[in-house]
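Take a look at the structure below.
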Amino acid sequence: MAGQPQREPKRPGTADPPMVRIALIAIALVFLALFLFIPVIAVFAEALQKGIGAYFAAIADPEARAAIRLTLMTAAIAVPLNVTFGIAASWAIARFDFPGKQTLLTLIDIPFSVSPVISGMLFVLLLGARTPLGGFLADHGIRVIFAEPGIVLATIFVTFPLAARELIPIMQAVGSEEEEAAIVLGAGGWQMFFRVTLPNVKWGLLYGLVLCNARAMGEFGAVSVVSGHIRGHTNTMPLYVEILYNDYQFAAAFAVSSLLTMLAIATLIAKRFLGRRVVPAKQEQDDLAIKVAA
């Protein structure tokens with residue numbers, strides 16, 4: 001309109017001056033170097049400080065092997081159980097409306113809001129040898145606290161939301177149209193699940209599995225409370241690292257830590273790969289839903 005000053009077009013955020021972009025990139029790189037690259041390099045440098053022979057000797061120590069074995073056994077039990085729970089919970093929440101649905105969602109999120117140390121204390125108060133239930137189990141030769149079952153239970157508790165929380169939004173985005181079509185065409189329940197449902201959520205399932213496995217192997221707080229720190233019996237890898245460090249066996253502590261570091265790096269790589277698969281799958285399902293609605 002005549003007489004009104006012309007407004008300058010808004011500049012897109014990507015059109016910042018080159019110096020601003022360079023400064024932001026430099027800050028990000030410095031941050032990554034200080035909090036990621038340098039600590040990782042330091043772990044391996046300290047682990048190899050006394051030579052490759054001492055490094056493998058620390059890993060081959062009987063107590064280290066027992067800690068590695070217990071960590072792998074705990075993850076091997078906790079991860080499949082949590083993935084199974086995640087599939088069942090996501091199926092129920094995404095496919096059905098029932099009383100208590102929001103309560104179930106809230107209960108799934110409890111381990112995210114409760115400190116792992118507090119969750120470990122709850123297991124001690126519930127299943128300790130001086131509690132009614134723990135005493136009953138102990139009288140029948142079943143020891144939970146300060147034994148492997150307690151470590152497994154604590155790990156299951158702190159990791160069970162991970163798979164479910166990855167699968168719930170994916171199943172909601174996928175919808176039930178393909179499953180209903182499979183049922184109409186004569187497919188049975190298990191046939192429909194393995195040929196329709198599972199392929200649609202496979203990348204999200206693997207993504208949740210990777211996160212669950214990483215948390216199970218690296219859990220410290222809850223496991224520390226229920227383990228009792230019995231050397232060679234109830235020490236997982238994180239607990240064994242703490243013991244070595246407190247005993248001033250720094251090279252051995254960093255040698256075992258390097259295994260957990262390699263696990264973390266492998267987890268990040270797998271997470272990055274699976275994340276690139278999950279996001280396009282979600283977008284594809286959203287586009288399909290829009291087309292169906294139109």
Side-chain angles (χ1 to χ4, degrees), residues 72 74-114 116 119 152-183 187-219 222 263-264 266-293:
L72 295 177
T74 301
I77 297 173
V79 173
L81 290 177
N82 285 329
V83 169
T84 302
F85 168 79
I87 294 173
S90 60
W91 176 275
I93 292 171
R95 296 292 181 266
F96 306 102
D97 290 322
F98 53 90
K101 182 176 180 178
Q102 292 301 320
T103 302
L104 177 59
L105 283 169
T106 303
L107 292 175
I108 290 175
D109 289 337
I110 283 179
F112 288 142
S113 58
V114 176
S119 64
V152 173
L153 286 175
T155 303
I156 291 173
F157 177 81
V158 298
T159 57
F160 85 85
L162 296 174
R165 270 304 177 185
E166 286 299 323
L167 287 172
I168 289 171
I170 295 178
M171 281 201 176
Q172 289 174 335
V174 168
S176 60
E177 290 81 6
E178 294 183 21
E179 298 166 354
E180 293 171 357
I183 295 295
W190 289 111
Q191 188 178 18
M192 177 268 295
F193 175 77
F194 285 109
R195 294 194 177 185
V196 178
T197 305
L198 201 58
N200 284 337
V201 301
K202 62 181 179 181
W203 295 114
L205 179 62
L206 290 173
Y207 191 75
L209 187 149
V210 168
L211 294 179
C212 185
N213 183 70
R215 178 69 187 273
M217 289 191 175
E219 175 56 31
L263 170 66
T267 300
L268 288 175
I269 294 174
K271 181 180 177 182
R272 174 65 176 170
F273 172 76
L274 294 173
R276 295 175 64 181
R277 295 274 187 166
V278 171
V279 172
K282 288 182 180 179
Q283 185 62 44
E284 182 180 349
Q285 295 297 334
D286 291 342
D287 294 341
L288 178 60
I290 292 173
K291 291 179 180 178
V292 171

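Positions are given from 1, in the same order as the sequence printed here.
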Q: Test side-chain contact (heavy atoms from CB on, under 4.5 Å) on F160 and T155 and set out the steps.
A: CA-CA 8 Å; F160 85 85; T155 303; over 6 Å; no
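- Between T103 and T106 there is no side-chain heavy-atom pair separated by less than 4.5 Å.
- The side-chain contact (heavy atoms from CB on, under 4.5 Å) test with T74 is passed by exactly one of L153, I156, V152, T159: V152.
- Residue Y207 holds its OH atom at 12.5 Å from CG of L167, rounded to the nearest 0.5 Å.
- Counting only heavy atoms from C-beta outward, the side chains of I93 and Q172 approach each other to under 4.5 Å.
- R95 places a side-chain N or O within 3.5 Å of a backbone atom of G175 that can act as its donor or acceptor partner.
- In terms of heavy-atom proximity, I108 sits nearest to A164 at CG2-CB, 4.2 Å.
- Side-chain atoms of R165 do not come within 3.5 Å of backbone N or O of G86 as any donor-acceptor pair.
- The structure places CE of M192 at 9.5 Å from CD of E180, a figure rounded to the nearest 0.5 Å.
- The two atoms that bring S90 and M171 nearest to each other are OG-SD, 3.5 Å, heavy atoms only.
- Closest heavy-atom contact between V114 and S119: CG1-N, 4.1 Å.
- Between the CG atom in D109 and the CG atom in L104 there is a gap of 9.5 Å [rounded to 0.5 Å].
- The salt bridge (charged side-chain N to carboxylate O under 4.0 Å, His left out) contacts involving residues 197-215 comprise R215-E219, where partners must be two or more places apart or lie in separate chains.
- At least one donor-acceptor pair closer than 3.5 Å links the side chain of K101 to the backbone N or O of F96.
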(Q) Is there a side-chain contact (heavy atoms from CB on, under 4.5 Å) between T197 and N200? Walk through the geometry before answering. (A) CA-CA 5 Å; T197 305; N200 284 337; over 6 Å; no
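- The closest side-chain heavy-atom distance from N82 to F157 is not below 4.5 Å.
- Atom-to-atom distance recorded for F85:CZ and C212:SG is 11.0 Å, nearest 0.5 angstrom.
- Between I77 and L81 there is a side-chain heavy-atom pair separated by less than 4.5 Å.
- A154 and A222 get closest at one heavy-atom pair: CB-CB, 4.0 Å.
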